[in-house]
Amino acid sequence: KVREDEQMMKLIESIAENGILLPTLVRPSKDGNSYEMVSGHRRMKGAELNGLDKVPAIVRDLTDDQATIIMVDSNIQRETILPSERGFAYKMKLGAMKHQGKRTDLTSMQVAQKLKKGKWSVDILSKEVGQTKDQIRRYIRLTELIEPLRDMVDGLREDKKKIAFNPAVELSYLSKENQELVVKYIEEFDLTPSHAQTIRMKELSKENRLDENVIYSIMTEVKANQKEKISFKM
């Protein structure tokens, strides 16, 4: 998503002064009548906001997988990429890598595909982005959150309600209905579940023992760091 953040404002100013220095990358659309942007969405938005009606572009014939990998690689190193955006990017790139490396003699996993020389796609991605395989999988779990929870972990809520990364990962294992209940209590009672609470909800969900009453009970209990502590000198 193109957000008008501080980095975008600097890009708009740069385009106003110098124009677009680096061409965008597009591919012919499948209908053959237009073009699809692969890399350069922010530059195109900056051009629009500066009143320009043209942007320089390189046209390349790319498969869906090639276009996905290029798009992800061109955006994933940005400093301002949001946690859920990173999760979707990792998921998209792993899917594209899996398609490219698919062979009948290789086995696959849910978020990894064995590629050349016995390496898994998630191993290759881990090395490319400097994240552990477990951390990549945790980011991908954020794609299973409903939008209100994604907005909270991304810090995009107008009411400033937030949820930390690790609790958000645990909540991603809940059903959509139970996630909606969590959002309901966060909004109604201004309650943010702790990591320990979300782990309990996840475990109860696995056992099919999580319902509205249980979620309410867990979220309204007094957290350990909220209890009063009294000390006496001997």
Side-chain angles (χ1 to χ4, degrees), residues 1-101 111 115 121-122 124-131 135-136 138-158 160 162 165 168:
K1 296 179 181 179
V2 177
R3 295 182 306 280
E4 294 185 21
D5 53 18
E6 183 180 351
Q7 206 172 21
M8 187 64 190
M9 293 301 106
K10 290 180 180 178
L11 177 60
I12 293 169
E13 291 175 9
S14 174
I15 291 173
E17 292 177 8
N18 309 304
I20 297 178
L21 303 177
L22 184 65
T24 60
L25 178 64
V26 301
R27 68 171 182 168
S29 61
K30 292 178 181 178
D31 61 17
N33 297 320
S34 57
Y35 296 93
E36 184 178 41
M37 181 71 67
V38 177
S39 174
H41 300 81
R42 289 162 58 83
R43 278 164 279 163
M44 185 172 70
K45 183 67 174 178
E48 289 177 358
L49 293 174
N50 273 294
L52 304 179
D53 59 359
K54 292 180 182 179
V55 294
I58 297 170
V59 182
R60 289 181 59 187
D61 287 314
L62 299 167
T63 65
D64 287 348
D65 293 331
Q66 289 172 329
T68 295
I69 289 172
I70 291 171
M71 181 190 70
V72 169
D73 287 346
S74 66
N75 286 282
I76 207 168
Q77 300 302 333
R78 293 204 327 263
E79 293 180 7
T80 56
I81 186 169
L82 300 175
S84 72
E85 288 180 327
R86 191 175 292 278
F88 279 108
Y90 289 161
K91 186 175 183 178
M92 290 171 68
K93 182 161 184 179
L94 284 175
M97 292 169 71
K98 183 171 72 172
H99 294 152
Q100 287 191 328
V111 294
L115 301 176
S121 53
V122 71
I124 296 171
L125 181 60
S126 174
K127 187 174 181 180
E128 288 179 353
V129 300
Q131 299 269 10
Q135 189 69 352
I136 287 172
R138 281 193 283 268
Y139 273 111
I140 291 175
R141 284 304 314 176
L142 299 181
T143 68
E144 302 297 327
L145 291 171
I146 61 175
E147 188 173 359
L149 287 175
R150 288 205 308 269
D151 286 347
M152 288 182 196
V153 76
D154 287 337
L156 296 179
R157 297 267 300 203
E158 291 184 2
K160 306 301 181 183
K162 291 183 179 181
F165 179 83

Would you mind writing out the side-chain donor-acceptor pairs for residues 50-58 within the sub-3.5 Å range, not counting sequence neighbours?
from	atom 1	to	atom 2	distance (Å)
N50	ND2	I12	O	3.0
N50	ND2	G46	O	3.0

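- Between S74 and M71, the shortest heavy-atom distance links the atoms OG-O, 2.9 Å.
- Counting heavy atoms from C-beta on, the side chains of R157 and K162 never come closer than 4.5 Å.
- F88 meets the ring-ring contact (aromatic ring centres under 6.0 Å, His included) test with no other residue; sequence neighbours excluded.
- Remark: the backbone N or O of L62 is paired with a side-chain donor or acceptor of R27 at under 3.5 angstrom.
- The closest side-chain heavy-atom distance from E144 to K91 is below 4.5 Å.
- At least one donor-acceptor pair closer than 3.5 Å links the side chain of R43 to the backbone N or O of P23.
- Across G87 and I140, no two heavy atoms sit closer than the pair O-CG1, 3.8 Å.
- Annotation: side chain of D73 is in contact with side chain of K93 (closest heavy-atom distance under 4.5 Å).
- E48 CD: more than 12 foreign heavy atoms inside a 6.0 Å radius.
- Judged purely by atom type and a 3.5 angstrom limit, S39 has no side-chain atom pairing as donor or acceptor with the backbone of T24.
- L142 approaches A168 most closely through the heavy-atom pair CD2-CB, 4.0 Å.
- Summarising the local packing, CG of N18 is surrounded by more than 12 heavy atoms from other residues, nucleotides or ligands at distances under 6.0 Å.
- Note: S121 OG to E128 CD = 10.5 Å, rounded to the nearest 0.5 Å.
- Closest approach of L82 and R3 over heavy atoms only: CD1-NH1, 3.5 Å.
- Contact record, V38 with A67: CG1-O, 3.6 Å, taken as the closest heavy-atom pair.
- Taking 4.5 Å as the limit, some side-chain heavy atom of I76 sits within range of a side-chain heavy atom of Y90.
- For the pair L49/E4, a side-chain contact is recorded, criterion being any heavy-atom separation below 4.5 Å from C-beta on.
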### Task
Test E85 against N75 for side-chain contact (heavy atoms from CB on, under 4.5 Å), laying out the working first.
CA-CA 10 Å; E85 288 180 327; N75 286 282; over 6 Å; no
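- For the atom pair E17 CD and I15 CD1, the distance stands at 11.0 Å (nearest 0.5 Å).
- Rounding to the nearest 0.5 Å places CG of L94 at 9.5 Å from CD1 of I124.
- The backbone N or O of K10 sits nowhere less than 3.5 Å from a side-chain atom of S14 that would complete a donor-acceptor pair.
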### Message
I'd like to know whether D64 forms a side-chain contact (heavy atoms from CB on, under 4.5 Å) with K30, so could you lay out the CA-CA distance, the side-chain angles of the two residues, the decisive distance to 0.1 Å, and finally the verdict.
### Response
CA-CA 11 Å; D64 287 348; K30 292 178 181 178; 3.3 Å; yes
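- Of the possible donor and acceptor atoms, one in the side chain of S29 sits under 3.5 Å from a partner among the backbone N and O of S34.
- In this structure, F165 and Q135 have side chains that are in contact, with non-hydrogen atoms separated by less than 4.5 Å.
- With contacts defined as side-chain heavy-atom distances shorter than 4.5 Å, the pair M97/I69 qualifies.
- Rounded to the nearest 0.5 angstrom, K45 NZ and M8 CE are separated by 7.5 Å.
- Listed here is the closest heavy atom pair of D61 and P28: OD1-CG, 3.4 Å.
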### Task
Step by step, work out the side-chain contact (heavy atoms from CB on, under 4.5 Å) result for R60 and I70.
CA-CA 12 Å; R60 289 181 59 187; I70 291 171; 4.2 Å; yes
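- Residues H99 and T63 form no side-chain contact, since every pair of their non-hydrogen atoms from C-beta on lies 4.5 Å or further apart.
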